[in-house]
Amino acid sequence: LYLRDTAISDEASKELAKIKTLSFLDLRNNNVSNDSLKALSKLPALDTLLIGNSQISDEGIKCLAGNKTITSLDLSDSKITEESLQTLLS
């Protein structure tokens, strides 16, 4: 589902999290935050998540730790640190 540059909100992202068959989601260049990531990280079929240039921070990245379905993740131009990336890699 391509929603790049659509000004989607956290509330709308939470509604997207109800689509259990969603496997690809592009939310780049939107105002989604950690709240969105918390909801979206629970999607059982999600394998590609593009959330670059967003309000995601280290706190939100913790939600993805241990996720086994996401194989492609774009966090470019986000507010995360190298330490958070290490959490994802371990």
Quick one about Thr81 and Asp58 (side-chain donor to acceptor, distance below 3.5 Å, no hydrogens or angles considered), yes or no? yes

Heavy atoms of other groups near Lys68 NZ, more than 12 under 6.0 Å: no

Nearest heavy-atom approach of Gly52 to Ser78 is CA-OG, 4.1 Å

Exercise. Are any side-chain N or O atoms of Asp10 and backbone N or O atoms of Val32, one a donor and one an acceptor, separated by less than 3.5 Å?
Worked result: no

The reported gap from CD in Glu59 to NZ in Lys79 (rounded to nearest 0.5 angstrom) is 14.5 Å

message = Determine whether a donor-acceptor pair (N or O, by modelled atom type, separation under 3.5 Å) exists between the side chain of Asn30 and the backbone of Leu3.
response = yes

*Neighbour count >12 (heavy atoms, 6.0 Å) for atom NZ, Lys14*: yes

When you compare the side chains of Ser57 and Asn34, does any donor N or O come within less than 3.5 Å of an acceptor on the partner?
yes

One should read off an interatomic distance between Lys42 NZ and Lys20 NZ, to the nearest 0.5 angstrom, of 8.5 Å

inquiry  = Let's go through Thr48 and Leu73 carefully: what are the C-alpha distance in whole Å and the side-chain angles of both, what is the deciding distance for side-chain contact (heavy atoms from CB on, under 4.5 Å) to 0.1 Å, and is it a yes or a no?
reply    = CA-CA 6 Å; Thr48 301; Leu73 179 64; over 6 Å; no

Are Ile51 and Tyr2 co-members of a hydrophobic cluster defined by side-chain heavy atoms under 4.5 Å apart? no

Q) Can you check whether Gln55's main-chain N or O pairs, donor with acceptor, with Ser33's side chain at less than 3.5 Å? A) no

*Any Leu50 side-chain heavy atom under 4.5 Å of Leu75 side chain*: no

| request: Please lay out, stage by stage, how Ser23 and Leu46 fare under the test side-chain contact (heavy atoms from CB on, under 4.5 Å). | output: CA-CA 4 Å; Ser23 62; Leu46 190 64; 5.7 Å; no

By side-chain hydrogen bond (donor to acceptor under 3.5 Å, both in side chains), Ser41 pairs with (sequence neighbours left out) none

Leu16 and Leu40, any side-chain heavy atoms less than 4.5 Å apart
yes

When Asp5, Asp74, Asn53, Asp77 are each screened for side chain to side chain contact (heavy atoms under 4.5 Å, CB included) with Arg28, the one that passes is Asp74

* **Hphob cluster co-occupancy, Phe24 + Leu27, side-chain heavy atoms under 4.5 angstrom** => no

For this session: Given side-chain contact (heavy atoms from CB on, under 4.5 Å), test Asn67 with Thr69 step by step and report yes or no.
Result: CA-CA 6 Å; Asn67 183 295; Thr69 62; 3.1 Å; yes

* Asked: Are Ile8 and Leu1 joined in one hydrophobic group, where the rule is that I, L, V, M, F, W and Y side chains link up if heavy atoms are under 4.5 Å apart?
  -> yes

Output for pair (Ile61 CD1, Leu37 CG), nearest 0.5 Å, gives 5.5 Å

